[in-house]
There are 2 protein chains.
Amino acid sequence: MARVGLTTETLIRAGAETADEIGFEHTTPTELARRFGVRTASLYSHVKNAHDLKTRIALFALEELADRVSEAVAGRAGKDALTAFANVYRDYALQHPGRFAATQFRLDAETAANSAGVRHAQMSRAILRGYDLAEPHQTHAVRLLGSVFSGYVTLEGSGGFSHSAPGSQESWTEILNALDALLRTWPTG
Amino acid sequence: MARVGLTTETLIRAGAETADEIGFEHTTPTELARRFGVRTASLYSHVKNAHDLKTRIALFALEELADRVSEAVAGRAGKDALTAFANVYRDYALQHPGRFAATQFRLDAETAANSAGVRHAQMSRAILRGYDLAEPHQTHAVRLLGSVFSGYVTLEGSGGFSHSAPGSQESWTEILNALDALLRTWPTG
DNA sequence: CGGCTTGCCTAATCAGGTTAGGCAAACTCG
DNA sequence: CGAGTTTGCCTAACCTGATTAGGCAAGCCG
């Protein structure tokens, strides 16, 4: 019985890959055990239960995405930063659908507060520094951007925009233009 | 053994209510059987399987929401129609979180094509008749609206905007104002 | 009232999740 | 290197949920 050498770390990484291959909802302890060639019960020394497994994959994906966004946004401002942020976000969802789904896994308040979700929020605000928006308008704008990005990418991922012209890429580009214009002329009133 | 008198219809309605109470993902054949005081196996004469049950609840919710939207939008145009549409959509999600979750259940292409989802798409376009947008800009704008509404309501529902000022209602109002302004000055070009 | 339909049941099977307890591989330290 | 300790992975067992096959009887129809 050669030991496989599982760790929580390897489990989560494999979980992220599995999620991209067969979907986050099918990324179960049983499935991971199958992939490592061990019994399901053997995973329980590394993760507490199925919910814990999913939570950890979610945290991993959140972290990974935040890293990518932060790298892309560094040194950019205004529309440049906006599109960099948005494109990294969308590309991540297209390349890693399972991980992206994981980022939307509902975390309890405390876990969320200690997650990279906080960095995401900070970066959204940073984007808006390039536009001249005072509070509370800035907060409203942050919420709009979050809604558009997550909404668009989710709809696109579930096939909402396929099979119809014009292509999704064109809509995405034009929507980013429109959002940039909107942020520059935000109605404060 | 007094017969309960189940039908597919009563099952789906109960399923919608159950979803609002305990969540769409927990709305399972077993749970419904419990509520009706029958054995799980007894449901299988009314729905094909668990997936079929969820699909039917999704179709029901899609229909119900489309009815509400279409009533609210009738006789309105421009910003008036936009906010009516948006508010019905958001209120539905807040009052019926389980049914709203059901509307996002992924349907296969054929089922979706025969669903009230089609009416939703038509109504989105109708809203834009009040604004002067030629194709392909109109399609891009439809996709933006869909993304914002579904994204905002989903984030709000998963607690994204609670516990932070300003309140979600204010953001919603301002975002609708901003979208109206954006649609009137959509950057074509 | 007798027969037919069919709603709901029992029984059985399968997959996934989870815990308890055990054996042995691999690390630690003299 | 060898003894002791840690701990990775296993077996066994149980629970919940999904699903199918086949049966009985309640209630409709003539």
Side-chain angles (χ1 to χ4, degrees), chain A residues 1-61 98-99 101-102 104-108 111, chain B residues 1-60 98-99 101-102 105-108 111:
Chain A
M1 316 293 166
R3 293 197 182 183
V4 179
L6 292 184
T7 66
T8 304
E9 183 71 16
T10 56
L11 226 40
I12 302 315
R13 295 202 115 81
E17 270 154 44
T18 303
D20 287 336
E21 287 171 30
I22 63 173
F24 184 58
E25 65 279 25
H26 296 127
T27 303
T28 60
T30 301
E31 176 60 28
L32 286 186
R34 238 191 312 264
R35 294 189 169 217
F36 279 107
V38 301
R39 297 311 181 112
T40 305
S42 306
L43 301 197
Y44 283 77
S45 7
H46 304 290
V47 295
K48 224 171 48 248
N49 50 40
H51 185 268
D52 180 44
L53 171 68
K54 291 197 162 194
T55 299
R56 286 171 188 269
I57 296 174
L59 292 174
F60 171 79
R99 301 182 197 199
Q104 310 211 317
F105 186 65
R106 190 157 179 173
L107 303 174
D108 60 89
T111 308
Chain B
M1 313 297 163
R3 294 198 182 184
V4 179
L6 292 184
T7 65
T8 304
E9 183 70 15
T10 57
L11 226 40
I12 301 315
R13 295 201 114 82
E17 270 154 44
T18 303
D20 286 337
E21 287 171 30
I22 62 173
F24 184 58
E25 66 278 26
H26 297 127
T27 303
T28 60
T30 301
E31 176 60 28
L32 286 186
R34 238 191 311 264
R35 294 189 169 218
F36 280 107
V38 301
R39 297 311 180 113
T40 305
S42 307
L43 301 197
Y44 284 78
S45 7
H46 305 290
V47 295
K48 224 171 49 247
N49 50 40
H51 186 267
D52 181 43
L53 171 67
K54 291 198 162 195
T55 299
R56 286 172 188 271
I57 296 174
L59 292 174
F60 171 80
R99 300 181 198 200
F105 186 65
R106 191 158 180 172
L107 304 173
D108 60 89
T111 309

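Numbers restart at 1 for each chain; the letters A, B, ... are given by sequence-line order, proteins then strands.
- Between the CG atom of B/L53 and the P atom of D/dT19 there is a distance of 10 Å, rounded to whole Å.
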Original post:
Given the rule in the salt bridge (Lys or Arg N to Asp or Glu O under 4.0 Å) test, do B/E25 and A/R106 qualify, once you have shown the distances and angles that lead to the verdict?
Top reply: CA-CA 13 Å; B/E25 66 278 26; A/R106 190 157 179 173; over 6 Å; no
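- Atom CG in B/L43 sits roughly 10 Å away from atom P in D/dA18 (whole-Å rounding).
- Closest approach to the B/S42 side chain among C/dC8, D/dA12, C/dG16 is made by C/dC8 (side chain taken as heavy atoms from C-beta onward).
- Between A/K48 atom NZ and C/dG17 atom P the separation is 16 Å, expressed in whole Å.
- Atom NZ in B/K54 sits about 9 Å away from atom P in D/dA18, given to the nearest Å.
- The distance between atom CG of A/N49 and atom P of D/dC14, rounded to the nearest whole Å, is 22 Å.
- Here the P atom of nucleotide D/dT20 and the OH atom of B/Y44 are 7 Å apart, to the nearest Å.
- In this entry the distance linking CG of A/D52 with C1' of C/dT18 reads 13 Å, nearest Å.
- The side chain of A/A50 sits closest to C/dT18 out of C/dA11, C/dT18, D/dG8.
- Nearest to the side-chain atoms of A/V38 among the listed nucleotides D/dG17, C/dC9, D/dC9 stands D/dC9.
- Under the 4.0 Å criterion applied to side-chain N and carboxylate O atoms, A/E17 and A/R13 are not assigned as salt-bridge partners.
- Residue B/H46 has its side chain nearest to C/dC8 when only C/dC8, C/dG17, D/dG17 are considered.
- Regarding A/R39, its CZ atom lies at a distance of 5 Å from the P atom of D/dT11, rounded to whole Å.
- Aromatic ring orientation, B/F105 versus B/F24: perpendicular (interplanar angle above 60°, classes split at 30° and 60°).
- The listed nucleotides are C/dT18, D/dC10, C/dC8; the one nearest the side chain of A/T40 is C/dT18.
- A donor-acceptor pair under 3.5 Å is formed between the side chain of B/T18 and the backbone N or O of B/A14.
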